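Read through the structure below, which is laid out as structure tokens, and then see the notes.
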Amino acid sequence: MVEAKGLKIFEVGPCEDAYRMGFLIGQRFSNQIKEQLLPFAQTPVAQQLLQSLTENNRNKFPRYWEELIGTAEGSGVPVLHIILINFRKEILAFLPKTAINPGNDTPDDCSDVLVASESMAVVAHNEDANVALLFDKGTLLNGLSFIAYTYAGELPSCAFGLNSYGLAFTLNSVPPSESEIVAGGIGRNFISRDLLEAASIDDALCRIKSSEVSIGHSYNLIETRTRKISNVETASRNRVSVYEIGATPFFHANMYLHLQVDQVQDENSKTRQSKAAVLPKRSKEDFLSLLGDTDDPKYPIYMIGPLLYTLCTAVIDLDEQTLSIVEGNPRKGEISHIFSLCSKDFKMP
């Protein structure tokens, strides 16, 4: 295991099965797993939801379900707690508003700026939350390797990831209204775990479209060897919209931009979107400056608390063939980790 600055890096695999991989990850990060929904798990609404979520996701993704069970048993944390952590968003939407402590519905906002022009192809992503971010480097028995940033107890990756096929992704939550959410569907964490094994954008799209999701999500899909970048927005009832990234820089916060869905009007996201629209986006340095912007005292793009913090910034440069992790304000450009996109083990030459 290697550790640098604030982000913890854990290398795992090859493992004989998914359970073993989950077990080792759970064992390593057991003291960082925190679950807040347990007081509501015994309500009739929550019990019915949990039964549907368990059955549907276990049937759709039996191998990843075994990985989840391994995480629970490796960490010594009850399986119910790990289930609640992985289905937090799918559960919260159906809990009575009077029962939800605002601290339980912690936002997980993120900001991305993307471009694919003749002069540069870059994806830069702020990961915003208020819990510790973890890093897994996994190797499967078939030889596939991946790196994934995630949170303790959750399947990798609910933040961003990259595999040795040359498929990378970053994620943005989106806020569909209650009428747009379907109870007991496939969870976002299971879909993003599946993306870690996708061989291409087309393969990733097939995996996304084949899952009947409970709530929506936004995926930034990147083919590292072709310079192709797509933003994919999803919603329940198999609704998917694909926007191909081109020479015009594209900023995505935490609201739907091109899929027509009734959504909650999030002032935080709208403020960041408006600010990004007027900031320069001509170079990678401009992208980093944009993601480091703190001008708005209430809703800055680079978040400094007290509710949310920008934990790190991921920069995928398809011309340099690198994934760089910046800790601290990206305007300062202080890289804590750098990985090669063209090496199977992601090590720089």
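Heavy atoms only: backbone and side chains are in, while hydrogens, waters and symmetry mates are out. Throughout, residue positions are numbered sequentially from 1 according to the sequence presented. From a predicted model like this one, the values you see are computed outputs, not experimental measurements.
Rounded to the nearest 0.5 angstrom, Phe29 CZ and Asn31 CG are separated by 9.5 Å. For the atom pair CG (Asn238) and CD1 (Ile208), the distance works out to 12.5 Å, reported to the nearest 0.5 Å. Note that the CG atom of Leu68 and the CZ atom of Arg193 stand 11.5 Å from one another [nearest 0.5 Å]. To the nearest 0.5 angstrom, Asp128 atom CG is 6.5 Å from Asp109 atom CG. Rounding to the nearest 0.5 angstrom, the gap separating the OG1 atom in Thr234 from the OH atom in Tyr219 is 4.5 Å. Annotation: the span from Asp203 atom CG to Glu223 atom CD amounts to 10.0 Å, rounded to 0.5 Å.
Under the 3.5 Å distance criterion, with hydrogens and angles disregarded, a donor-acceptor pair is assigned to the side chains of Lys60 and Ser210. Side-chain atoms of Tyr19 and Glu73 form a donor-acceptor pair, as typed in the model, at a separation below 3.5 Å. Side-chain N/O atoms of Asn189 and Asn86 include a donor and acceptor closer than 3.5 Å. With 3.5 Å as the limit, one finds no donor-acceptor pair spanning the side chains of Ser241 and Glu233.
Side-chain contact check for Asp112 versus Leu291: every heavy-atom pair is 4.5 Å or farther apart. Residues Met21 and Arg63 have side chains not in contact (no heavy-atom distance under 4.5 Å, counting atoms from C-beta outward). Between Asn220 and Leu171, every side-chain heavy-atom pair lies at or beyond the 4.5 Å cut-off. In this structure, the side chains of Leu318 and Leu341 come closer than 4.5 Å at one or more pairs of heavy atoms. At a threshold of 4.5 Å between non-hydrogen side-chain atoms, the residues Ser179 and Asp262 count as touching. Residues Ser192 and Leu155 are not in side-chain contact: their nearest non-hydrogen atoms beyond the backbone lie 4.5 Å or more apart. Considering only heavy atoms from C-beta on, Ile191 stays 4.5 Å or farther from His217 through its side chain. For the pair Thr313 and Ile325, the minimum side-chain heavy-atom distance is 4.5 Å or more.
Around CD of Glu118, the count of heavy atoms belonging to other residues, nucleotides or ligands within 6.0 Å does not exceed 12. Applying the 6.0 Å contact sphere to CD of Glu244 captures more than 12 heavy atoms from other residues, nucleotides or ligands. Environment of NZ in Lys270: crowded, with over 12 heavy atoms of neighbouring residues, nucleotides or ligands closer than 6.0 Å. Other residues, nucleotides and ligands contribute over 12 non-hydrogen atoms within 6.0 Å of the CD atom of Glu16.
Considering every non-hydrogen atom in both Ala93 and Ile181, the closest pair reads CB-CD1, 3.6 Å. Between Ser218 and Asn231, the shortest heavy-atom contact is OG-ND2, 3.0 Å. Taking both residues in full, the closest heavy atoms of Ser211 and Ile186 are given as CB-CG2, 4.0 Å, listed atom of the first, atom of the second, then distance. The heavy-atom pair separating Leu311 from Ala129 by the smallest distance is CD1-CB, 4.0 Å. Nearest heavy-atom pair across Met303 and Asn268 is CE-OD1, 3.7 Å. Thr248 and Val115 make their closest contact through C-CG2, 4.4 Å (heavy atoms, listed as atom of the first residue, atom of the second, distance).
At distances below 3.5 Å, at least one donor-acceptor pair connects side-chain atoms of Arg272 with backbone N or O atoms of Cys110. Between the side chain of Asn254 and the backbone N or O of Ser173 there is at least one donor-acceptor pair closer than 3.5 Å. For the pair Gln27 (side chain) and Ser75 (backbone), a donor-acceptor distance under 3.5 Å is absent. Between the Arg227 side chain and the Ser117 main chain, a donor and an acceptor come within less than 3.5 Å of each other.
Grouping Ile, Leu, Val, Met, Phe, Trp and Tyr by side-chain contacts under 4.5 Å, direct or through others, puts Leu259 with Val174, Tyr256, Val261. In the hydrophobic clustering (ILVMFWY side chains linked at under 4.5 Å, chained through shared members), Tyr302 is joined by Ile304. Side-chain contacts under 4.5 Å among hydrophobic residues (ILVMFWY), followed directly or transitively, place Val182 with no other residue at all.
Each of Leu221, Ile222, Asp202 was evaluated against Lys228; a single residue qualifies, Asp202, per the side-chain contact (heavy atoms from CB on, under 4.5 Å) test.
Legend: ring pair (Phe, Tyr, Trp, His ring centres under 6.0 Å) pairs involving residues 45-85, not counting sequence neighbours, sorted by first then second residue: Phe61-Tyr64, Trp65-Phe190.
Arg331 pairs by the side chain to side chain contact (heavy atoms under 4.5 Å, CB included) definition with Ser289, Asp293, Asn329, not counting sequence neighbours. Among residues two or more places apart in sequence or in another chain, the salt bridge (Lys or Arg N to Asp or Glu O under 4.0 Å) test is passed with Lys137 by none.
Asp296 has no carboxylate O lying under 4.0 Å from a charged side-chain N of Lys275, or vice versa, which leaves the two without a salt bridge. Residues Arg207 and Asp194 are paired through a salt bridge, judged by an N-O separation under 4.0 Å between the basic side chain and the carboxylate.
Between His252 and Phe250, the angle of the ring planes lies from 30° to 60°, which puts this pair in the tilted group.
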